[in-house]
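This one's a predicted model, so the numbers in the text were calculated from it and none came from an experiment.
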Amino acid sequence: MQDEPIDPFSGDPADPSAGLDDLGEDGQLDPLSDTERQDVLEDLADLEIYQALLSPIGVRGLVIECEDCHEPHYFDWDLLRGNLRHLLSSGRPRVHEPAYDPDPDHYVTWEYARGYADGVHDTLSDESDDA
């Protein structure tokens, strides 16, 4: 008879606890590299711009294609901001769950948000050049 419960994720490549074995001897993860840290800080800054521009037209957040499960994951602005801040402080992303019944019409990709922000910037630059 077994005293411990059976691991329901045993052998599952998507086991959410699989990364726990990768912790160092002191239980700490390697911190983000300077480049990785800068990338996350830039993503946070971009996120603020995207939210300011897109929220007024009904966009609730961003959709990201998950590299692990190859499914789209929908993140509202605050959740995505929290995930990026967690990554900065801990050095690892949070375990994620797909959103419950999101309306895909209310989410855009990072690329769309970046293009939209660039378009607004270019329009404002053209208007100031004309004045």
Side-chain angles (χ1 to χ4, degrees):
M1 187 159 138
Q2 185 170 344
D3 291 333
E4 298 174 355
I6 297 172
D7 181 359
F9 294 102
S10 180
D12 185 348
D15 181 351
S17 68
L20 296 176
D21 294 334
D22 298 337
L23 294 174
E25 287 184 21
D26 59 359
Q28 297 295 318
L29 294 169
D30 292 333
L32 294 176
S33 70
D34 289 341
T35 302
E36 291 169 329
R37 184 171 186 73
Q38 186 60 39
D39 288 345
V40 174
L41 289 169
E42 289 172 8
D43 284 348
L44 278 167
D46 289 345
L47 186 64
E48 294 301 319
I49 294 167
Y50 302 159
Q51 182 177 7
L53 293 173
L54 294 167
S55 287
I57 61 171
V59 176
R60 296 182 185 160
L62 300 179
V63 58
I64 299 169
E65 187 74 26
C66 179
E67 293 177 10
D68 295 331
C69 67
H70 305 289
E71 296 279 331
H73 289 270
Y74 299 88
F75 295 94
D76 68 21
W77 304 114
D78 292 333
L79 179 59
L80 189 52
R81 186 178 302 104
N83 286 349
L84 289 170
R85 288 181 180 153
H86 179 268
L87 181 58
L88 275 178
S89 66
S90 71
R92 75 179 308 135
R94 286 185 171 154
V95 174
H96 60 270
E97 292 288 331
Y100 176 76
D101 199 25
D103 182 350
D105 292 339
H106 293 274
Y107 296 85
V108 298
T109 63
W110 277 97
E111 293 77 20
Y112 179 92
R114 183 176 299 116
Y116 190 91
D118 289 345
V120 169
H121 178 269
D122 291 347
T123 300
L124 294 174
S125 294
D126 290 346
E127 287 176 4
S128 66
D129 289 343
D130 293 341

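- For the pair Y116/I57, a side-chain contact is recorded, criterion being any heavy-atom separation below 4.5 Å from C-beta on.
- Taken to the nearest 0.5 Å, the OG atom of S89 stands 9.0 Å off from the CG atom of L32.
- Taking every heavy atom of both residues into account, P93 and L87 meet most closely at N-CD1, 3.6 Å.
- Here the straight-line distance linking atom CH2 of W77 with atom CG of L54 works out to 5.0 Å at 0.5 Å rounding.
- By the 6.0 Å contact criterion, NE2 on H121 is open, its count of non-hydrogen atoms from other residues, nucleotides or ligands being 12 or less.
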Yes or no on side-chain contact (heavy atoms from CB on, under 4.5 Å) for L62 and V108, after CA distance, side-chain angles and deciding distance? CA-CA 5 Å; L62 300 179; V108 298; 3.7 Å; yes

Set out, in order, the CA-CA distance, both residues' side-chain angles and the distance that settles side-chain contact (heavy atoms from CB on, under 4.5 Å) for L47 and Q51, then state yes or no. CA-CA 6 Å; L47 186 64; Q51 182 177 7; 5.6 Å; no

side-chain contact (heavy atoms from CB on, under 4.5 Å) between D39 and E42: does it pass, once the steps are laid out? CA-CA 5 Å; D39 288 345; E42 289 172 8; 4.2 Å; yes

Could you go through L80 and I64, starting from their C-alpha distance and side-chain angles, then the distance that decides it, and tell me whether this counts as side-chain contact (heavy atoms from CB on, under 4.5 Å)? CA-CA 10 Å; L80 189 52; I64 299 169; 4.1 Å; yes

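- The two residues P72 and V63 have their closest heavy-atom pair at CB-CG2, 3.6 Å.
- Rounding to the nearest 0.5 Å gives a distance of 6.5 Å between CZ of R60 and CG of D103.
- Distance alone, capped at 3.5 Å, is enough to place a donor-acceptor pair between the H86 side chain and the R92 backbone.
- Within a 6.0 Å sphere centred on CG of D34, other residues, nucleotides and ligands contribute 12 heavy atoms or fewer.
- Within the 4.5 Å cutoff, the side chain of Y112 has no heavy atoms near those of the V59 side chain.
- Taking CG of L41 as the start and CG of L88 as the end, the distance is 5.0 Å to the nearest 0.5 Å.
- Between Y50 and R114, some side-chain heavy-atom pair lies under the 4.5 Å cut-off.
- Shown here for E65 and H70, the closest heavy-atom pair between the two residues is OE2-O, 2.9 Å.
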